[in-house]
Amino acid sequence: MAHRTLIRGATVILPEGAARTSVLLEGGTIAGVGVPQGARVDEEVDATGRHLLPGVIDDQVHFRDPGLTHKEDLRTGSRACAAGGITSFLEMPNTVPQTTTVEALEAKLALARRRSVVNYGFYIGATTGNLDDLLRAGHPPWASRTPGIKIFIGSSTGEMLVDDQEVLEAIFAETTLPIAAHCEDETTVRANRTRLLARMDGKLAVEDHSRIRDRAAALTSTRRAVDLAIRHRRRFHLLHLSTAEEVELLVSLPDPDRGLVTAEACPHHLFLDESDYDRLGTLAQMNPSLKTAADRRALWRGLASGAIDILATDHAPHTLAEKGAPYPESPSGVPAVEVFLPLMLNEVGQGRFTLVELVRWMCEGPARIWEIARKGRIEEGYDADLVLVDMSLVREVRNEEQLTKCGWSPWHGTVLQGWPVRSWVGGETVFGEGVVADEPHGREIVFARSR
Ligand code: DOR
């Protein structure tokens with residue numbers, strides 16, 4: 001008989017709102033909400049004073065496995081997720097080898113089966129020459145085994161740039177899976193770099209990263225991608241918005257087109273801006289680059305208004321030694337899976353938004369966008385992926401406590417109130433009382449294709 005766990009006493013964040021009720025897990029499934037006293041259970045968890053949320057679904061992580069495992073691997077990345085309340089992740093294709101064939105996808109899924117503590121899914125990456133693979137990935141059995149196609153319409157870590165208009169037109173016209181894109185216009189970036197190099201006599205500083213990858217680069221590329229999605233009537237997701245103008249572009253879309261395009265924001269673009277280069281140096285270097293405080297405020301407003309649908313980390317670990325190289329040899333990217341939920345819980349504690357909104361942006365929203373079956377809600381029949389949080393717990397983010405293999409955080413030294421205290425994946429505890437599981441409890445995420 002399946003193990004039955006009763007979580008009682010918590011304030012549970014349900015789709016219809018917060019309620020003080022109990023939740024019964026049976027095996028890997030939520031068997032009931034509001035279970036009467038006296039039900040037969042194997043384990044009872046007293047969660048009085050805590051809040052129970054669906055496990056967070058992070059749709060943008062870079063776990064570097066295979067090939068770049070000195071930075072992170074599926075075990076360390078997924079353990080960091082478990083401690084951070086993230087019970088499912090979708091991982092990006094810029095590994096070595098790149099995930100650009102269904103064979104590479106299968107190999108990554110097999111690695112995750114052996115290593116991942118939380119649930120996993122992997123994008124298939126576009127190249128200038130893999131249209132056949134992208135088409136194959138859109139058919140059974142692959143269509144339900146990958147969230148979609150990732151296109152770097154702007155170069156970043158790894159050589160995955162797809163900038164050619166003809167290739168992009170073909171991908172948007174012929175493939176069938178949802179598409180997600182990194183948007184920074186390569187022509188603008190190169191011209192900015194050349195101009196700055198000439199002006200600075202070849203000597204660039206990390207602050208120049210935001211001048212090279214400037215707001216025009218982000219907007220031009222986002223506009224181009226949105227135009228492709230609308231003309232080809234394709235489901236399209238904009239990764240990591242960084243400027244006010246991109247939010248305005250989304251707001252300006254007429255209704256039927258707006259339904260095709262979804263968007264996300266990341267904690268680094270919400271909490272950090274160009275002024276942080278002084279303090280953080282290349283630790284604040286990422287793509288898209290940090291912009292201004294006004295952009296940060298516009299992203300927050302975009303979230304509140306619904307123009308931005310979800311939050312994601314873009315967890316992109318590099319070692320401190322790599323980050324310590326002088327700009328521009330230093331790589332772009334910051335880790336975030338452990339601090340993602342605490343950063344947002346801290347905002348909830350300060351009254352900026354509610355836990356119901358947080359769940360919409362971090363759990364329900366990603367499940368809806370990527371058509372993930374049975375996840376993102378606390379509801380009977382859904383998977384028992386849950387996170388219990390203590391809204392009064394105060395802790396400081398410390399580099400030496402990070403589980404990510406890279407061992408640092410741009411939020412080192414930041415004191416946050418509101419932390420996960422226990423996480424369940426498929427009904428199994430993967431984090432609790434400071435202990436993080438090491439066994440591969442994660443399951444392959446199933447994508448319920450409806451379109
Ligand atoms: O800063 C970034 N780093 N942005 C990306 O899009 C990729 C990532 C990485 O893989 O390092």
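Just the heavy atoms: all of them, side chains too, but no hydrogens, waters or symmetry mates, feed the values below.
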Taking side-chain contact (heavy atoms from CB on, under 4.5 Å) as the criterion, tell me which of T127, L161, I171 meets it with I151. I171
Might you confirm whether atom CZ of R224 has over 12 heavy atoms from other residues, nucleotides or ligands at distances under 6.0 Å? yes
Does either side chain, that of N130 or that of T100, offer a donor lying less than 3.5 Å from an acceptor on the other one? no
Validation row: R20, V12 side chains within 4.5 angstrom (heavy atoms): no
Ignoring hydrogens and geometry, is there a side-chain-to-backbone donor-acceptor pair from E338 to L403 under 3.5 Å? yes
Assess whether a salt bridge exists between R368 and E364, defined as any Lys/Arg side-chain N lying under 4.0 Å from an Asp/Glu carboxylate O. no
Exam field: side chain E322 to backbone T319, donor-acceptor pair closer than 3.5 Å: yes
My understanding is that only one of L358, L53, T11, L52 makes a side-chain contact (heavy atoms from CB on, under 4.5 Å) with V389; could you say which? L53
Keeping the roles fixed (side chain from T175, backbone from L177), state whether a donor-acceptor pair exists under 3.5 Å. no
Ring geometry between F89 and Y120 (parallel below 30°, tilted from 30 to 60°, perpendicular above 60°): tilted
With a 4.0 Å cut-off, would you call R215 and E246 a salt bridge? no
Just wondering, are more than 12 heavy atoms of other shown residues or ligands nearer than 6.0 Å to CD in E159? no
What pairs with D65 under salt bridge (charged side-chain N to carboxylate O under 4.0 Å, His left out), at least two apart in sequence or on another chain? R115
Which of these, N287, N94, D314, sits in a side-chain hydrogen bond (donor to acceptor under 3.5 Å, both in side chains) with S156? N287
Are side-chain heavy atoms of R50 and V421 found at a separation under 4.5 Å? yes
Are the side chains of I124 and K150 in contact, using a 4.5 Å heavy-atom criterion? no
Is it the case that the side chain of W419 and the backbone of M391 share a donor-acceptor pair, with hydrogens and angles ignored and the cut-off at 3.5 Å? no
Less than 4.0 angstrom from a charged side-chain N to a carboxylate O is my criterion; do R223 and D227 meet it? no
Taking the side chain from K323 and the backbone from Q285, do they hold a donor-acceptor pair closer than 3.5 Å? yes
Ring centroid separation F340 to W411 under 6.0 Å: no
Please indicate whether D201 has more than 12 foreign heavy atoms, meaning atoms of other residues, nucleotides or ligands, lying under 6.0 Å from its CG. no
pair T157-H318: side-chain heavy atoms closer than 4.5 Å: yes
Could you point out which residue of H269, K291, R213 forms a side-chain hydrogen bond (donor to acceptor under 3.5 Å, both in side chains) with S242? K291
Take T128 and D164, measure what side-chain hydrogen bond (donor to acceptor under 3.5 Å, both in side chains) needs, and give me the verdict at the end. CA-CA 8 Å; T128 50; D164 185 288; over 6 Å; no
Name the orientation class of the two ring planes belonging to F172 and F236 (parallel below 30°, tilted from 30 to 60°, perpendicular beyond 60°). tilted
Test ring pair (Phe, Tyr, Trp, His ring centres under 6.0 Å) applied to H62 and H315, step by step: CA-CA 6 Å; H62 300 265; H315 175 88; 8.6 Å; no
Side-chain ion pair, D208 and R211, N-O less than 4.0 Å: yes
Proximity of F353 and W361 rings by center, below 6.0 Å: yes
For residues D59 and I310, determine if any side-chain heavy atom of one lies less than 4.5 Å from a side-chain heavy atom of the other. yes
Near E166 CD, under 6.0 Å, is it more than 12 heavy atoms from other residues, nucleotides or ligands? no
Quick one: does any side-chain atom of H182 pair with a main-chain N or O of I153 as donor and acceptor, under 3.5 Å? no
Please confirm whether the backbone N or O of I230 pairs with a side-chain atom of R233, one donor and one acceptor, at under 3.5 Å? yes
Flag the pair V425 / V117 as yes when at least one side-chain heavy-atom distance between them is below 4.5 Å, and no otherwise. no
What residue pairs, at least two apart or across chains, pass salt bridge (charged side-chain N to carboxylate O under 4.0 Å, His left out) with a residue in residues 347-357? E347-R352
Among Q60, R64, M160, whose side-chain contact (heavy atoms from CB on, under 4.5 Å) with M92 holds? Q60
Would you check if the side chain of N192 reaches a backbone N or O of I212 as a donor-acceptor pair within less than 3.5 Å? yes
Is there a ring pair (Phe, Tyr, Trp, His ring centres under 6.0 Å) between F447 and W142? Walk through the geometry before answering. CA-CA 10 Å; F447 302 90; W142 295 105; over 10 Å; no
Does N119 offer a backbone N or O that forms a donor-acceptor pair with the side chain of S116 under 3.5 Å? no
